[in-house]
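Notes to accompany the following structure.
In this text, all values refer to a predicted model and were calculated from it rather than measured experimentally.
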Amino acid sequence: MDIAPDPAPPGIADGTRHECDVLVVGGGINGAGIARDLAGRGLRVWLCEKDDLGSHTSSSSTKLIHGGLRYLEHYEFALVRKSLAEREVLLRNAPHIIRPLRFVMPHNPGMRPAWMIRAGLFLYDHLARREVLPGSGSIDLRAHPAGKPLKPQFTRGFVYSDGWVDDARLVILNAVDAAARGATVLTRWACAEATREAGRWRVMLRSSRGEVLHVNARVLVNATGPWAAQFLAEQVHAPQRKSLRLVKGSHVVVRQLFEHDHAYIFQNPDKRIIFAIPYEDRFTLIGTTDVEHFGDVGQPRIDAAETQYLCEQASRYFERAVVPTDVVWSYSGVRPLLDDESGDPSAVTRDYLLELDWPGGAVRSVDGSSTRPAPLLTVWGGKLTTFRKLAEEAADMLRAPLAAPRGAWTENARLPGGDLSAWIGPAVRPDTDFTRFQQALGLRHPHLPPALCLRLARAYGSRVDALLGTGQLGAEVAPGLFEAELEFLHRFEWARCADDVLWRRSKLGLHLAPAQREAVATWCARHWREAAPSAAAGAPKESACS
């Protein structure tokens, strides 16, 4: 499909080369996070992504900011500690798109014994400082609302806290902040070739329409996720010192299975776990699988066996059986995991490794001067929760070769829309702060239906002022989606077709009928001249236009 790339910077002509300090390749969560951190340190940053921002692994997660309770069984205490610490940081810095979520684990005596679960939850509560979230405990499922949808044999359970996140918007907001700090963000521009020459990376970018852009960069960052090894081999022609284990994780969405606001974590006979999470008000998200992936990295699809597995495992706990015909939407992503030679894909580490290739010695350029070869930083592995820390460590590694004017800064920096103080005064705690903000938004714009008010508050936080402006939303293109929001997403969040809007900037596609999705696609085609009307009109899918 012909989707227009972002416009190239002004002044581009054949043969013209743009200069930057860092070119980040890959617009997933790690690439966007690194671009944001480096731009905030006063560096000239470019970020290029061959598709839409967050259109692959980063929008295909279980939507959790969590420490990884099950990683304790694999003795990954350092990873859990780091993740738990980041959980608190992210909750404070993005209270609109991240919120606390309580998890219920029904106790199945045939799985892990109660003492083991209690010990694990004690560690989970105390491995890192916890200020926002309540600790763990035991509950009587016969009396607790979470017990009602479960089979009657589950009478005892454990409860603990983690966080829920809108994963695709987390990527977008990092890119928005990077751009606000001076970064150039280009979507649907692929890095076609990169070569070291005279102390610089000489890079050719190619757009989805075949246009070519030349960039000189002092540092190249490979944040291409599951494509990391392929990028090194095909675009950089560099030796591959690490290997990735590509593991497909699939999720299914069904109609709402329960009405309370807790999520579930279920233990399975194969020693894996799955989650059942309240999703988009009227749905339940169930996942995930862990399956070795050998196909096209960019086009993973859930198979019948995965769907059956998720339904069967959920049905072991819920009183009402979940069957494949209940599935209204599904999505899959390929996780780039560091290959630690573990036989079980579920046991492969979710930690990351940053590899800096900065060859020693100098090379002589054409004019006779001597320069050191340009650095290449490759991101191997990682998980959503630790993206900020990964980005900070990556920027710290590049501080010497780049002579960055400023140091680390993101730990206490709100993501765009996360500073609610202009609406509610000083922050107290993320969950109550957001509730006060939602109430203030409703009072300021009483014409907004409550459901729309909540969605806009969640998606945009304090940025909602820029979207609502004078309160004129324009025509309603589809239920709850107005022209003003579409134009805002196009101008400020790189939306280029209907699927960008319906499946990543929002999940409105889940709530709309095919004809309503068609109306959005038609509007985008007419106003943006970049999307075919049929792009989002079929069955729900993660990305039809990228």
Side-chain angles (χ1 to χ4, degrees), residues 52 54-55 59-63 96-97 99 101 164-170 172 251-261 263 276-287 302 322 325-332 438 441-442 445 447-461 464 467-468 473-490 493 495 497-525 531 533-546:
D52 183 29
S55 58
S59 60
S60 302
S61 76
T62 314
K63 326 298 182 191
H96 50 322
I97 63 167
R99 61 180 182 268
L101 183 61
W164 183 93
V165 65
D166 187 327
D167 52 5
R169 291 208 60 75
L170 186 64
I172 295 296
H251 299 75
V252 298
V253 176
V254 300
R255 298 290 176 187
Q256 188 177 45
L257 294 174
F258 48 89
E259 296 181 357
H260 59 78
D261 60 359
I277 301 170
Y279 192 59
E280 288 291 309
D281 297 324
R282 300 177 359 223
F283 301 93
T284 300
L285 173 66
I286 302 173
I302 190 170
V322 182
T325 53
D326 292 332
V327 175
V328 298
W329 185 48
S330 63
Y331 63 90
S332 300
Q438 180 192 348
L441 178 62
H445 297 279
H447 62 287
L448 292 178
L452 177 60
C453 182
L454 176 59
R455 184 179 72 79
L456 296 180
R458 280 278 176 218
Y460 304 104
V464 75
L467 187 158
L468 293 175
L473 293 173
E476 189 173 26
V477 179
L481 180 63
F482 294 82
E483 288 182 324
E485 185 175 7
L486 286 166
E487 290 294 0
F488 182 89
L489 293 174
H490 183 67
E493 294 194 3
C497 72
D499 275 12
D500 295 351
V501 174
L502 296 177
W503 299 105
R504 286 180 288 278
R505 303 324 182 266
S506 75
K507 289 296 184 288
L508 285 170
L510 256 181
H511 301 272
L512 301 180
Q516 294 165 339
R517 295 196 296 269
E518 179 78 27
V520 178
T522 300
W523 189 96
C524 293
S534 60
K541 45 195 160 184
E542 191 66 16
S543 175
C545 66
S546 53

**Prompt:** How many angstroms lie between atom CG of L481 and atom CH2 of W523, to the nearest 0.5 angstrom?
**Reply:** 8.5 Å
**Prompt:** Can you list the residues that meet the side-chain hydrogen bond (donor to acceptor under 3.5 Å, both in side chains) rule with E280, with sequence neighbours excluded?
**Reply:** H511
**Point-to-point distance, once rounded to the nearest 0.5 Å, from CD1 of I172 to OG of S59** = 9.5 Å
**Request:** Answer yes when D52 and R505 have at least one side-chain N-carboxylate O distance shorter than 4.0 Å, and no when they do not.
**Result:** yes
**Message:** Using side-chain heavy atoms (C-beta onward) and a distance below 4.5 Å, is P479 in contact with Q516?
**Reply:** yes
**Message:** Show the nearest heavy-atom pair for residues T62 and Y331, with the distance to one decimal.
**Reply:** CA-OH, 4.4 Å
**Asked** How about L448 and L473: do any of their side-chain heavy atoms sit closer than 4.5 Å?
**Response** yes
**Item:** Heavy-atom closest pair, residues F482 and L452
**Value:** CE1-CD2, 3.8 Å
**Message:** Could you check whether any side-chain heavy atom of V520 comes within less than 4.5 Å of a side-chain heavy atom of L508, counting everything from C-beta outward?
**Reply:** no
**Fill in**
When every non-hydrogen atom of A498 is compared with those of A521, the smallest separation belongs to CB-CA, 3.6 Å
**Asked** Is there side-chain contact between L170 and I97, with heavy atoms separated by less than 4.5 Å?
**Response** yes
**Message:** Quick check: do F488 and E493 have side-chain heavy atoms less than 4.5 Å from each other?
**Reply:** yes
**Item:** L101 to A263 - nearest heavy-atom pair and separation
**Value:** CD2-CB, 3.9 Å
**Prompt:** So which heavy atom on V328 is nearest to which on R255, and how close?
**Reply:** CG1-NE, 3.9 Å
**Message:** For A459, is there any backbone N or O sitting under 3.5 Å from a side-chain donor or acceptor partner on H96?
**Reply:** no
**Item:** With sequence neighbours excluded, residues passing side-chain hydrogen bond (donor to acceptor under 3.5 Å, both in side chains) with Q438
**Value:** none
**Message:** Do L257 and I286 make a side-chain contact, defined as non-hydrogen atoms from C-beta onward lying under 4.5 Å apart?
**Reply:** yes
**Prompt:** With a 4.5 Å heavy-atom cut-off, do W503 and S55 have their side chains touching?
**Reply:** no
**Prompt:** So how far is it from R504 CZ to R169 CZ, rounded to the nearest 0.5 Å?
**Reply:** 12.5 Å
**Gap between atom CG of L467 and atom CG of L486 - 0.5 Å precision** = 9.5 Å
**Prompt:** What heavy-atom pair brings D281 and Q256 nearest, and what distance separates the two atoms?
**Reply:** O-NE2, 3.1 Å
**Prompt:** Distance from K507 atom NZ to Y279 atom OH, nearest 0.5 Å?
**Reply:** 4.5 Å
**Item:** D166 bridged to R458 by N-O distance under 4.0 Å
**Value:** no
**Asked** Got a second to check how far W164's CH2 is from R99's CZ, nearest 0.5 Å?
**Response** 5.0 Å
**Item:** H445 vs L468 side-chain heavy atoms within contact, under 4.5 Å
**Value:** yes
**Complete:** Contacts of R455 meeting salt bridge (charged side-chain N to carboxylate O under 4.0 Å, His left out) (sequence neighbours excluded), chain-then-number -> E485
